[in-house]
Amino acid sequence: WKHEYKGKPGFHLPTANPNLVEFYDNDFNPPKNLPILLPLCGKTVDLPWLIGAGHQCVAGVEGVPQCIDELRDELLNDLRKTKSHGVGDECIWTTAAEGQPWFHSHSSSDSTGENDACISIVCADFFDVSPSTFGAQNPCFGGVFGRGAIAAIPPRSRHQHVGAAGSLLAPGGEILMVTVDDPSRDTGPPFSITPSVVEELFSTRDYTIHILDEHDGPWGGNSKEYVFVLKKDL
């Protein structure tokens, strides 16, 4: 984040991800009364966009502290450190007011007020995160939006990433996942992920897989971007 991109990563978008905007409340329907998760969230604008869409609790996991500092400085001025059970005291950042919980595992209805909503970021290795990180005993997220997260990690770690996300996603929950494939790139990140790789990663884990879109990738040439929705079986 700091060295390769010099603080201005090329994958960061100044507006909400167009795939999220297009497919949210269409083919991707995470319940608004359950929290939604963004793995390897960086400083994405998608976090407040999901609050605006009606979610009371939006949570990100990010391993690079600088990303969270930039998120606070550039977008969420009310983001503050707070204490937590399950991870280090200095590893949680939240927009929740003092004295208010930084994580809501469930709200009373699908219609929640934006004033009661909060964004929280767990600064940790995604592989170390579990329901207990969020004060829960069981999978507690109704949805996951993964824009390039799985493409950012080495191929040898993909099954571990999928397992970590699955440990947090409640039965019936959905994942909206965006991957890239560029045959001209031999190294990553991002690492190319084709539909066949997605099938291999998820088909044995009780997910229903649908490919929603395929379009030209961000680098031109023969690069492709794929959008999937994966529903975890009940």
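No experiment lies behind these values; they were computed from the predicted model shown.
- Rounding to the nearest 0.5 Å places CG of L34 at 9.0 Å from SG of C140.
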>> For a side-chain contact (heavy atoms from CB on, under 4.5 Å) check, start with the C-alpha distance between I211 and V227, then their side-chain angles and the critical distance, and finish with the verdict.
In response: CA-CA 6 Å; I211 183 166; V227 187; over 6 Å; no
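- Across every non-hydrogen atom of Q137 and P131, the tightest pair is C-CB, 4.2 Å.
- Listed here is the closest heavy atom pair of A149 and P39: CB-O, 3.7 Å.
- For the atom pair CD1 (I193) and CG (L201), the distance works out to 7.0 Å, reported to the nearest 0.5 Å.
- Counting only residues at least two apart or in different chains, side chain to side chain donor-acceptor pair (under 3.5 Å) contacts with residues 154-169 comprise H159-E200.
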>> Before you tell me yes or no, could you show the steps for F141 and F103 under ring pair (Phe, Tyr, Trp, His ring centres under 6.0 Å), namely the whole-Å CA-CA distance, both residues' side-chain angles and the distance that decides it to 0.1 Å?
In response: CA-CA 11 Å; F141 286 91; F103 184 77; 5.5 Å; yes
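- Judged by distance alone, the side chain of E62 and the main-chain N or O of G42 form a donor-acceptor pair under 3.5 Å.
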>> Applying side-chain hydrogen bond (donor to acceptor under 3.5 Å, both in side chains) to E225 and H215, what does each step give before you reach the verdict?
In response: CA-CA 5 Å; E225 190 169 68; H215 47 259; 2.7 Å; yes
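- For residues 180-213, the pairs satisfying ring pair (Phe, Tyr, Trp, His ring centres under 6.0 Å) are F202-Y207, with sequence neighbours left out.
- With sequence neighbours excluded, the residues satisfying side-chain hydrogen bond (donor to acceptor under 3.5 Å, both in side chains) with S192 are D181.
- At a threshold of 4.0 Å, the pair D27-K231 does not count as salt-bridged, since none of the basic side-chain nitrogens sits closer than that to a carboxylate oxygen.
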> What's the verdict on side-chain contact (heavy atoms from CB on, under 4.5 Å) for R72 and K43, showing C-alpha distance, side-chain angles and the deciding distance?
Replying inline: CA-CA 8 Å; R72 176 199 60 206; K43 57 179 182 178; over 6 Å; no
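- Within the 3.5 Å criterion, the main-chain N or O of G63 finds no donor-acceptor partner in the side chain of D125.
- Distance alone, capped at 3.5 Å, places no donor-acceptor pair between the K81 side chain and the C91 backbone.
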>> For a salt bridge (charged side-chain N to carboxylate O under 4.0 Å, His left out) check, start with the C-alpha distance between D216 and K224, then their side-chain angles and the critical distance, and finish with the verdict.
In response: CA-CA 5 Å; D216 291 340; K224 293 290 184 182; 3.7 Å; yes
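- What you find for G142 and P31 is that their closest heavy atoms are O-CD, 3.6 Å.
- Formation of a donor-acceptor pair under 3.5 Å by the R80 side chain with backbone atoms of A96 is found in this model.
- In this structure, F134 and W102 have tilted ring planes: the angle between them lies in the 30° to 60° band.
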>> side-chain contact (heavy atoms from CB on, under 4.5 Å), that's the test. Do C118 and H104 meet it? Break it down for me.
In response: CA-CA 9 Å; C118 71; H104 305 277; 3.9 Å; yes
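- Nearest heavy-atom pair, V162 versus I150, reported as atom, atom and distance to 0.1 Å: CG2-CD1, 3.8 Å.
- In this structure a side-chain-to-backbone donor-acceptor pair under 3.5 Å is missing from T133 to V129.
- To the nearest 0.5 Å, atom OG1 of residue T208 and atom NZ of residue K232 are 12.5 Å apart.
- The minimum heavy-atom distance between T95 and D78, with the atom names listed, is CG2-OD1, 3.6 Å.
- Between the CG atom of N26 and the CG atom of L212 there is a distance of 8.5 Å, given to the nearest 0.5 Å.
- The two atoms that bring V144 and I36 nearest to each other are N-CG1, 4.2 Å, heavy atoms only.
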